[in-house]
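Reading through the structure tokens given below for one structure.
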Protein chains: 2
Amino acid sequence: MSADTSNDGCEDTREAIMKATYRALRDNGTADLTIQNIADEFEKSKSLLYYHYETKDDLLIEFLSWLIDRNAEFLEGDDVETTEEFVSAMIPRDVDDERAGFRAAFVQMRAEAASDPAYREQFTQYDRLYRETLVGLIEQDVEAGRLREVDTDALADVLLSTIDGAMLRYATTDDDVMPTTREGADRLLASLRGEE
Amino acid sequence: MSADTSNDGCEDTREAIMKATYRALRDNGTADLTIQNIADEFEKSKSLLYYHYETKDDLLIEFLSWLIDRNAEFLEGDDVETTEEFVSAMIPRDVDDERAGFRAAFVQMRAEAASDPAYREQFTQYDRLYRETLVGLIEQDVEAGRLREVDTDALADVLLSTIDGAMLRYATTDDDVMPTTREGADRLLASLRGEE
């Protein structure tokens, strides 16, 4: 099999590296993460990994870019066709352990964006993807009569801030704020459907 | 003057160290912060600083505890007597440079809480202070007829998640999401007053 030298092989290798990075982040967080940790998760030639990424930051920036593409695919899929479905997917009432472990690493990478321009660029793209998706869903919901007329930008930013804030609070405190935050977001949307 | 050996003197010294830490965080962030940076901001004997705090983490945990007390004083003051005033104070339409610099450092400390139990304890206290304050304000507003009957916990968690999420997005992206998030939060409260 000569797949490793074809374009498909390169994509396969990148995909395998990114999935190994996901597992290493989920299990170790970012602070103690080394390229060696990721190599331990990676089944193919470890020299490939060192060849592609000189530093941990290079690899994590590439990982964030890959993650945005994966999120974009999810947001374009059948599971997220209304504002309500978006909120349900982003503020789960229960967070499983795998997701919890990855969220902690995600918050740590996000905080890097407060001082590092390469991280900041990725999180700006990430924020715009979510915001534009939400604006599109709200507009469709209003047009279809599922929501009453609203200030689309203001509602999108309140919902996206609620989602990001709930994730931040979940990852950095001992209290599980997801169920009540979700309840509050559901009630907000219900009031915008004229149900209360 | 023998103030440094009295209790008042100790409080003065602690206050001076904490204010020096605030300035060092605002100007340097946390990544490159050293006790020497803070000593540079500190006008009294530098040996005192090294005597009190062995590591940067010791100092930052103490700083977070001090900051919570300062926030508690602010929240109990005359500027925050309604839910609307709380939201106005926490989601400013314009963020000045000083506050922006400190917020970046604050997000970085908060991300530490995703993996470090001592930081996590501080941010759990911080979250509870804000949440309990909001719950109290919402209850007062409902009682006084300024808000209609709501699920108090759910509204408090949506508002606090919105506040924390707006701060996170502000600190980690190139887009200024504060004005539209504030507009959305104001509209949410207006709808709960029956104004729209």
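Sequence lines set the chain letters: A, B, ... in the order given, protein chains first and strands last, and positions in each chain run from 1.
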Output the option from [options] having the highest count of non-hydrogen pairs under 4.5 Å with chain A.
options                        : value
B/D151, B/L159, B/I163, B/L192 : B/D151
B/V107, B/T124, B/T30, B/D175  : B/T124
B/Q125, B/E121, B/R128         : B/R128
B/V150, B/D164, B/T162, B/D116 : B/T162

**Report entry** side-chain contact (heavy atoms from CB on, under 4.5 Å) between A/T180 and B/R131, worked out
**Finding:** CA-CA 12 Å; A/T180 38; B/R131 192 175 191 288; 4.1 Å; yes
Side chains of [X] and [Y], heavy atoms from C-beta outward: is any pair under 4.5 Å?
X      : Y      : result
A/V177 : B/D127 : yes
B/R182 : A/V158 : no
B/T173 : A/R110 : yes

Compare every heavy atom of [Y] with every heavy atom of [X], then report the nearest pair and how far apart it is.
X      : Y      : answer
A/S191 : B/R148 : CB-NH2, 4.4 Å
A/A114 : B/T172 : N-CG2, 4.1 Å
A/A154 : B/E183 : CB-CG, 3.9 Å

Report task. Return the option, out of A/A171, A/P117, A/A104, with the maximum number of heavy-atom pairs under 4.5 Å with chain B. Result ->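 Heavy-atom pairs under 4.5 Å are most numerous for A/A171.
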Requested in this report: Please determine, among A/A113, A/P179, A/S115, A/A156, the option with the most heavy-atom pairs under 4.5 Å with chain B.
Outcome: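 Of the candidates given, the most pairs with chain B belong to A/A113.
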Query raised in the report: Checking A/Y126 against chain B: side chain, backbone, both or neither under 4.5 Å from a heavy atom?
Result: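 Neither part, no heavy atoms under 4.5 Å.
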Name the region of [X], side chain, backbone, both or neither, that has any atom closer than 4.5 Å to a heavy atom of chain A.
X      : answer
B/Y119 : neither
B/L160 : both
B/R103 : neither

Spell out, yes or no, whether [X] and [Y] are grouped together once hydrophobic residues are joined by side-chain heavy atoms under 4.5 Å, including indirect joins.
X      : Y      : value
A/L67  : A/M18  : yes
A/L168 : B/L129 : yes
A/V135 : B/M178 : no

Query raised in the report: Do other residues, nucleotides or ligands put more than 12 heavy atoms under 6.0 Å from the CG atom of B/D96?
Result: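 Counting other residues, nucleotides and ligands, CG of B/D96 exceeds 12 neighbours.
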Query raised in the report: Any side-chain donor paired with an acceptor under 3.5 Å for B/S161 and A/R169?
Result: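 There is such a pair between these side chains.
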